[in-house]
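A short write-up of the structure that comes next.
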Amino acid sequence: MEELNMENEKKTQIMGHTLACLTIIVWGSTFIASKIMLDYFTPAQIMVMRFGMAYAVLALLSRKFEKPKSLKDELGIVGLAVMGSTLYFLCENVALTYTLTSNVSIILAAAPIFTAVLAHIMTKDEKLKKSTWSGALIALAGVMLVVFNGTFVLKLNPLGDLLTVLAALCWAVYSVNLKAYVNRYDNLVLTRKIMLYGFLTTLPVVIFQGGAFNLPALARPDVLVSLLFLGLLGSAAGYVTWNVAVKSIGIIKTNNYIYLNPFVTMVAAWLILGEKVSYMGFAGAVLIIGGVFLADR
């Protein structure tokens with residue numbers, strides 16, 4: 001029986017790491033899709049469309065509509081949506097209008113560190129270890145090499161950088177609080193609720209900003225494919241697989257894969273947009289992967 005439990009635990013661990021890695025591959029590529037769509041839509045409009053599409057797809061996949069377990073639980077899920085979708089994306093996108101993309105990428109890569117510290121304080125079974133810090137430092141060094149990719153440009157902007165820090169903190173709060181729900185809710189139902197509340201809390205921003213949706217732009221193949229990628233893979237599938245990973249391997253180990261985000265974006269930009277990759281970028285990729293493995297020990 002003990003051997004069987006160990007084998008099942010091993011399979012769960014492998015599944016968790018695999019799903020976390022696949023999710024980051026998708027999320028790292030969403031920057032390219034967003035870049036295409038930002039020529040035609042505002043960030044809030046893109047968010048409303050992707051969250052709405054994700055909710056519709058998850059509603060079709062899971063016809064199970066659970067009654068709220070309690071008002072406290074439902075408000076907690078609203079909080080997850082606000083932190084992990086609405087505020088996170090708004091802070092990130094607005095930050096990009098004030099500061100350099102490289103600043104945003106590097107600061108967001110610190111999200112696993114914020115998450116690890118919060119998890120250490122707020123949970124009983126997710127504690128910081130020396131390998132976590134060592135791996136984080138190595139991975140962050142790799143992130144900086146990947147982000148700069150041969151051209152060192154760093155210009156501090158207090159407002160933009162602060163908004164990026166807030167985005168990273170929002171994700172950390174989302175990740176730590178998510179653990180309280182992934183073991184008690186059906187994953188599709190939980191993700192569907194998060195997408196619905198993400199849609200509802202972003203909609204007022206779209207209304208406040210004003211401006212009509214550029215619906216004719218959706219007739220463009222590149223725009224339509226980008227929206228489908230963001231809605232179906234980036235939101236619907238991505239949040240489901242991320243939740244499973246958190247449930248399988250924990251908050252800290254799952255979030256360590258965020259260090260890979262800039263590397264995935266770099267490769268996607270090289271393959272799709274034809275952007276050049278320097279030796280510095282490849283060296284950074286090696287450091288990131290090494291840091292993630294060390295942090296997961």
Side-chain angles (χ1 to χ4, degrees), residues 16-17 19-21 23-25 27-28 31 79-80 83-85 87-89 91-92 95-96 99-148 154 156-158 160-180 182 238-239 242-243 245-266 283-297:
H17 284 289
L19 289 177
C21 187
T23 306
I24 287 301
I25 289 173
W27 284 353
F31 285 99
L80 287 177
M83 288 294 177
S85 54
L87 283 181
Y88 172 77
F89 284 113
C91 288
E92 176 190 307
L96 284 169
T99 191
L100 300 174
T101 305
S102 55
N103 292 37
V104 175
S105 299
I106 292 169
I107 295 171
L108 284 180
I113 297 176
F114 296 146
T115 304
V117 172
L118 277 179
H120 180 81
I121 296 170
M122 297 177 64
T123 66
K124 296 179 180 179
D125 57 340
E126 303 250 6
K127 299 300 179 182
L128 286 168
K129 300 176 183 177
K130 288 182 179 178
S131 60
T132 307
W133 287 114
S134 303
L137 291 174
I138 293 171
L140 277 175
V143 166
M144 293 181 73
L145 291 178
V146 167
V147 169
F148 292 128
L154 182 63
L156 298 179
N157 182 294
D161 296 339
L162 177 60
L163 284 170
T164 311
V165 170
L166 287 175
L169 285 171
C170 283
W171 185 260
V173 172
Y174 167 79
S175 299
V176 172
N177 285 283
L178 178 66
K179 193 171 182 180
V182 290
Y239 277 75
W242 190 257
N243 292 354
V246 168
K247 184 177 180 180
S248 303
I249 61 176
I251 302 164
I252 294 177
K253 288 186 176 182
T254 303
N255 275 270
N256 282 337
Y257 281 90
I258 290 176
Y259 294 123
L260 292 170
N261 229 336
F263 167 62
V264 173
T265 304
M266 179 184 73
V286 173
L287 286 176
I288 291 171
I289 294 168
V292 170
F293 276 115
L294 179 60
D296 276 346
R297 284 183 59 188

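Below, each value reflects all heavy atoms present in this structure, side chains not excepted, and no hydrogens, waters or symmetry copies.
Remark: the backbone N or O of Y88 is not paired with any side-chain donor or acceptor of Y174 at under 3.5 angstrom.
The two atoms that bring T254 and A245 nearest to each other are OG1-O, 3.2 Å, heavy atoms only. Smallest separation of non-hydrogen atoms from M122 and N177: CE-OD1, 4.4 Å. The two residues N261 and G28 have their closest heavy-atom pair at OD1-CA, 2.9 Å. Looking at every heavy atom in both residues, L87 comes nearest to M83 through CD1-SD, 4.4 Å. Nearest heavy atoms, Y239 versus G84: OH-O, 2.8 Å. Scanning both residues, N255 and P112, for their nearest heavy atoms gives O-CG, 3.0 Å.
For the residue pair W27/T23, the side-chain donor-acceptor check at 3.5 Å is not satisfied.
Atom-to-atom distance recorded for S175:OG and I258:CD1 is 6.0 Å, nearest 0.5 angstrom. Within the model, atoms CD1 of I25 and CG of L260 stand 8.5 Å from one another, a figure rounded to the nearest 0.5 Å. Once rounded to the nearest 0.5 Å, the distance linking OG of S85 with CH2 of W171 reads 9.0 Å.
Side-chain contact check for I251 versus T115: some heavy-atom pair is nearer than 4.5 Å. Using a 4.5 Å heavy-atom cutoff, the side chains of W242 and I24 are in contact. Looking at I249 and H17, their side chains come closer than 4.5 Å, going by heavy atoms from C-beta outward.
Looking at I252, V176, L178 one by one, the single match for side-chain contact (heavy atoms from CB on, under 4.5 Å) with V246 turns out to be L178.
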